[in-house]
Amino acid sequence: MSPPIVRLETHMAKGKKIYEGKAKTLYEGPEPGTIVQYFKDDATAFNAVKKDVIDGKGALNNRFSEHFMLGLESIGIPTHFIKRLNMREQLVKRVEIIPLEVIVRNVVAGSMSKRLGIEEGTVLSRPIVEFSYKEDSLGDPLVAEEHILALEWATQRELDDIIAMALRVNDYLSGIMYGVGIKLIDFKIEIGRLTTDDYQQLVIADEISPDSCRLWDIKTNEKLDKDVFRRDLGSLTDAYSEVARRLGLLPKNTAQTAPKLVK
Ligand code: UDP
């Protein structure tokens, strides 16, 4: 008798569900201080007013996040990432999430374009780091450093570290993307406090994927990120797969096409 086919996911010793978010579910991990992040196929936009299930998105984002977190670790930027477990799950360190969305912008787009009436695509003379208070019921409002300090969401020292980390992530991600013909317009990261017996450290947490970045093709300005879903611009899976292929995370399209003459 041939052995039963069991999906890899079912082997994972996940514990109790800790939290269910819009795109991910968190479970207790196998060891104390660990969490299993499960990437769902759900896509939401405009604070979950627009929703859909997009086949394969979770698996792609799991892979993207692994790739970027490992890359950041390799240049000395600490992250919560431990290892990918299977197609949809990764093991991460349990951290205390600072309730801020840390946004870095290189080019004006999205909410900044609307708020200030500046055309999308306007290149900034230097990157901007901005903060939103992570609270869905308020629509994640923009806050100033003064709010963060006065409300004691982070200390001055932490804030200085967060800004320095965010700008390093920007340099790293911009470089990786530029190398595969993509402009990094903006992105969002979340930061966690990792506490061990001896020290406390800030680490990059949550995920880094085209769900939380704006990515435009360098030549055509085609959007290759979640705006494809937000603005109904086509297939989100196609856009994410294109980014994954360029980064070497998916096999190249092997379809034979006739050679084209280049002038
Ligand atoms: N972003 C995100 N989660 C949020 C809000 C923003 O990942 O809850 C990302 C978004 O994908 C973009 C960047 O942060 O890459 C800046 O987003 P923006 O403030 O322009 O907001 P949006 O126009 O997406 O509402």
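As the structure lists them, so they are numbered: ligands from 1, and atoms in each ligand from 1. In this chain, numbering begins with 1 at the start of the sequence shown.
Among all protein heavy atoms, the one lying closest to atom 15 (O) of ligand 1 is Asp186 OD1, 2.6 Å. Among all non-hydrogen protein atoms, the one lying nearest atom 14 (O) of ligand 1 is Lys188 CB, 3.4 Å. Scanning the protein heavy atoms around atom 25 (O) of ligand 1, the nearest turns out to be Ser111 CB, 4.6 Å. For atom 6 (C) of ligand 1, the nearest non-hydrogen atom of the protein is Glu101 OE1, 4.2 Å.
For Arg214, a nitrogen or oxygen atom sits less than 3.5 Å from a nitrogen or oxygen atom of ligand 1, counting backbone and side chain alike.
Under the 4.0 angstrom criterion for non-hydrogen atoms, Arg230 is in contact with ligand 1. Put simply, no part of Lys114 is less than 4.0 Å from ligand 1, judged by heavy atoms. Residue contact annotation: Leu142 has no non-hydrogen atom under 4.0 Å from ligand 1.
Salt-bridge annotation for Lys17 and Glu28: absent, with no side-chain N of the basic residue lying under 4.0 Å from a carboxylate O of the acidic one. A salt bridge does not link Asp225 to Arg214: none of the charged nitrogens lies less than 4.0 Å from a carboxylate oxygen. Salt bridge status for Asp217 with Arg246: present, with a side-chain N to carboxylate O gap under 4.0 Å. Under 4.0 Å is where a charged nitrogen must lie from a carboxylate oxygen, and between Lys57 and Asp42 no such pair does. Contact check on Glu66 versus Lys83 returns no salt bridge, with no Lys/Arg side-chain nitrogen under 4.0 Å from an Asp/Glu carboxylate oxygen.
Those atoms of ligand 1 that come under 4.0 Å of a heavy atom in Ser212, given as number and element, are 7 (O), 9 (C), 11 (O), 15 (O). Counting the atoms of ligand 1 from 1 in the order shown, those under 4.0 Å from a heavy atom of Asp211 are 7 (O), 11 (O). Using a 4.0 Å cut-off to heavy atoms of Gly110, the atoms of ligand 1 that qualify are 20 (O), 23 (O). Residue Asp140 has at least one heavy-atom neighbour below 4.0 Å for each of these atoms of ligand 1: 8 (O).
Less than 4.0 angstrom separates atom 1 (N) of ligand 1 from at least one non-hydrogen atom of the protein.
When Leu142, Leu124, Ile103 are each tested for a side-chain contact (heavy atoms from CB on, under 4.5 Å) with Met112, only one passes: Leu124.
Remark: the Thr44 side chain and the Arg230 side chain contain no N/O donor-acceptor pair separated by less than 3.5 Å.
Proximity of Ser132 to ligand 1, defined as any heavy-atom pair under 4.0 Å, is not found for any part of the residue.
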Test ring-ring contact (aromatic ring centres under 6.0 Å, His included) applied to Trp153 and Phe131, step by step
CA-CA 12 Å; Trp153 292 329; Phe131 304 95; over 10 Å; no

Asn106 vs Asn170, test: side-chain hydrogen bond (donor to acceptor under 3.5 Å, both in side chains). Steps then yes/no. CA-CA 9 Å; Asn106 298 304; Asn170 187 41; 2.9 Å; yes

